[in-house]
There are 2 protein chains.
Amino acid sequence: MNERVVPEPERRRRRPTKQGTVLSAEVIISTALRLLAQHGAEALTVRRLGAALGADPSAIYRYFHNTDDLLLAIADELIARAQHDWRSTGDWVADLRTIGLRIHAAYQAHPQAALLAAYRTTGRQNEARAVETILGVLRGAGFPDPEAVAIYHAFVDQGLAFAALDAAADALPAPARAADLAVWQRHYARLPAETHPNIAATARLLVTDMRRSGYPLALELLLSAASARLAALKAPPGPA
Amino acid sequence: MNERVVPEPERRRRRPTKQGTVLSAEVIISTALRLLAQHGAEALTVRRLGAALGADPSAIYRYFHNTDDLLLAIADELIARAQHDWRSTGDWVADLRTIGLRIHAAYQAHPQAALLAAYRTTGRQNEARAVETILGVLRGAGFPDPEAVAIYHAFVDQGLAFAALDAAADALPAPARAADLAVWQRHYARLPAETHPNIAATARLLVTDMRRSGYPLALELLLSAASARLAALKAPPGPA
DNA sequence: CTTTTCAGGTCAATGGCGTTGTCATAAGGT
DNA sequence: ACCTTATGACAACGCCATTGACCTGAAAAG
């Protein structure tokens, strides 16, 4: 591990680069997000980031231990954006629905970054706040701790997993992306009923449905099943 | 794109390498899978694959256009394996549960290939067979077509999304993977109750639960919610 | 206001990677 | 037995992340 990094709040001396930029963790993160948005995932290299910042690539190592450290910082920033201004309504199902959709939306706004970040556990400030909030909603709803933790896990992972899945579609190189979308019309819509009766019968529905994200329905199903479980827990004497 | 590749069925001349191996697409794929299984994601490089084969790295480009081509060839195999020997039991919930877990397991067995494959729509034979099967299960259970298609979409995307999420954890470079796992013990388990009461109250549960995949529960919740919807559809006169 | 110090930007080098242009040679059709 | 050419080998290119040594100017100390 690299020891050159001084924690951001303790920084005193800020010295411009040869090209005049004044660096900071914040500037580096936002430049990285811009680079990802403009030129795709493969554009995020230390060398190109250095060039975009107007600094020597190695200067980045004064702010982040390595590229992974930088990536985790980016991930935490996305989580922060998802939580921005959120407030509980008192209805736990509505709260979780909103949180789930917000996470998904925040990641969709930066598909290239989402693809890299959605899989990581950062342990940083904003992530911890999100974990705390979601657990609070579930425990406040009346789920006993083991159930609350299990449902927290399913809920969060499902949100992140769909965020990455849908981000990947956006982040795909243009030709591959077009090809994948066209498969449903070009290929599945023309399969004969003899060999693929179920696809043939539903082809039109498939073509329109597969254009959208499957997340909203998956989220709704998760929430309604969780709700049913809670109801069962609150009526302890088992039914016939 | 590299034009050196001769399609496998047209190959006539098979010439041993200096070290005596006789190459083929099949040998290269299985060696790559062995390399991945034995030494993890970062072991799959053209150079190391060449070394493992007993051949010059560049010889691989006589069989695959580039590394992506090779990885897709590996991935293609996974789709077939997920479906291998599957048979309907007549119980639609049990069938979907099995199919979901099988997809997840097949991808889990080769995480780095899964990461590339889970996001794509190939439209090829094995994929079409899977779509047909799942739609058949849902329509056979009595879901009307629009509902069948919507639930198909949520079900499949959930399976693929979790497959990619869990594969990504396995495919992470060893240090990053260890760091992510440790976060729950090192960091979350020690947050004070004053600032993070819900995390503090459930820390022990979190540490053990987050080690496992969230997919089995998420799948179960999706299936039970779908089941409830079907029951509601079959009892048309609305309840009190 | 001067002196000291050291954070932080720069430079150069290391060892890895995927990929390709070229060459040499042996396999296999004739 | 002869040719053709597919296929393996070699060497080189331009990327990549990372690091150790250095230099310099901003801030702290007096």
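Residue numbers begin at 1 in each chain, while the letters A, B, ... track the order of the sequences.
When heavy atoms are screened at a 4.0 angstrom cut-off, B:Arg12 is found touching the sugar-phosphate backbone but no base atom. Using a 4.0 Å heavy-atom criterion, one finds that A:Ala59 contacts the bases of the nucleic acid, with or without backbone contacts as well. Using a 4.0 Å heavy-atom cutoff across all strands shown, A:Ser58 reaches at least one base atom of the nucleic acid.
In this structure, CD of B:Glu10 is placed 15 Å from C1' of D:dT5, rounded to the nearest angstrom. Straight-line distance from the CD atom of A:Glu42 to the P atom of C:dG18: 17 Å, rounded to whole Å. Nucleotide C:dT20 holds its C1' atom 14 Å from the CD1 atom of B:Ile60, rounded to whole Å. When the C1' atom of C:dT10 is taken as reference, atom CZ of A:Arg47 falls 14 Å away, rounded to whole Å. As a whole-Å value, the separation of A:Leu71 CG from D:dT18 P is 12 Å. One atom, OH of B:Tyr63, and another, P of D:dA6, lie 13 Å apart when rounded to the nearest Å. For the pair B:Leu49 CG and C:dG18 P, the interatomic distance rounds to 9 Å; values are reported in whole Å. To the nearest angstrom, P of C:dT30 lies 12 Å from CZ of B:Arg13.
Of the candidates C:dG18, C:dT10, D:dG8, the closest approach to any side-chain atom of A:Thr17 belongs to C:dT10. Listed candidates were D:dT7, D:dA17, C:dT10. Nearest to the side chain of A:Thr45 is D:dA17. In this structure, the nucleotide among C:dG18, C:dC17, D:dT7 sitting nearest to the side chain of B:Arg48 is C:dC17. Of all nucleotides listed (C:dA27, C:dG29, C:dG18), C:dG18 comes nearest to the side chain of B:Tyr61. Listed nucleotides C:dT19, C:dG8, D:dA17 differ in distance to A:Thr67; the shortest reach to its side chain belongs to D:dA17. Nearest to the side-chain atoms of A:Asp56 among the listed nucleotides D:dG8, C:dG18, C:dC11 stands C:dC11.
A donor-acceptor contact closer than 3.5 angstrom is absent between the side chains of A:Tyr63 and A:Glu26. Between the side chains of A:Tyr215 and A:Gln108, no donor N or O sits under 3.5 Å from an acceptor N or O.
The nearest heavy atom of DNA chain C to A:Lys18 and to A:Arg14 marks one nucleotide each, and the one closer to the 5' end goes with A:Arg14. Each of B:Arg11 and A:Pro16 was matched to the nucleotide of DNA chain D holding its nearest heavy atom; the match closer to the 5' end belongs to B:Arg11. If A:Leu44 and A:Arg15 are placed on DNA chain D by their nearest nucleotide, the residue sitting closer to the 5' end is A:Leu44.
The distance from the CG atom of B:Asp157 to the CZ atom of A:Arg212 is 12.0 Å, given to the nearest 0.5 Å.
Under the 4.0 Å criterion applied to side-chain N and carboxylate O atoms, A:Arg62 and A:Glu8 are not assigned as salt-bridge partners. Look at B:Arg211 and B:Asp166 and you find no salt bridge, because none of the NZ, NE, NH1 or NH2 atoms lies under 4.0 Å from a carboxylate O.
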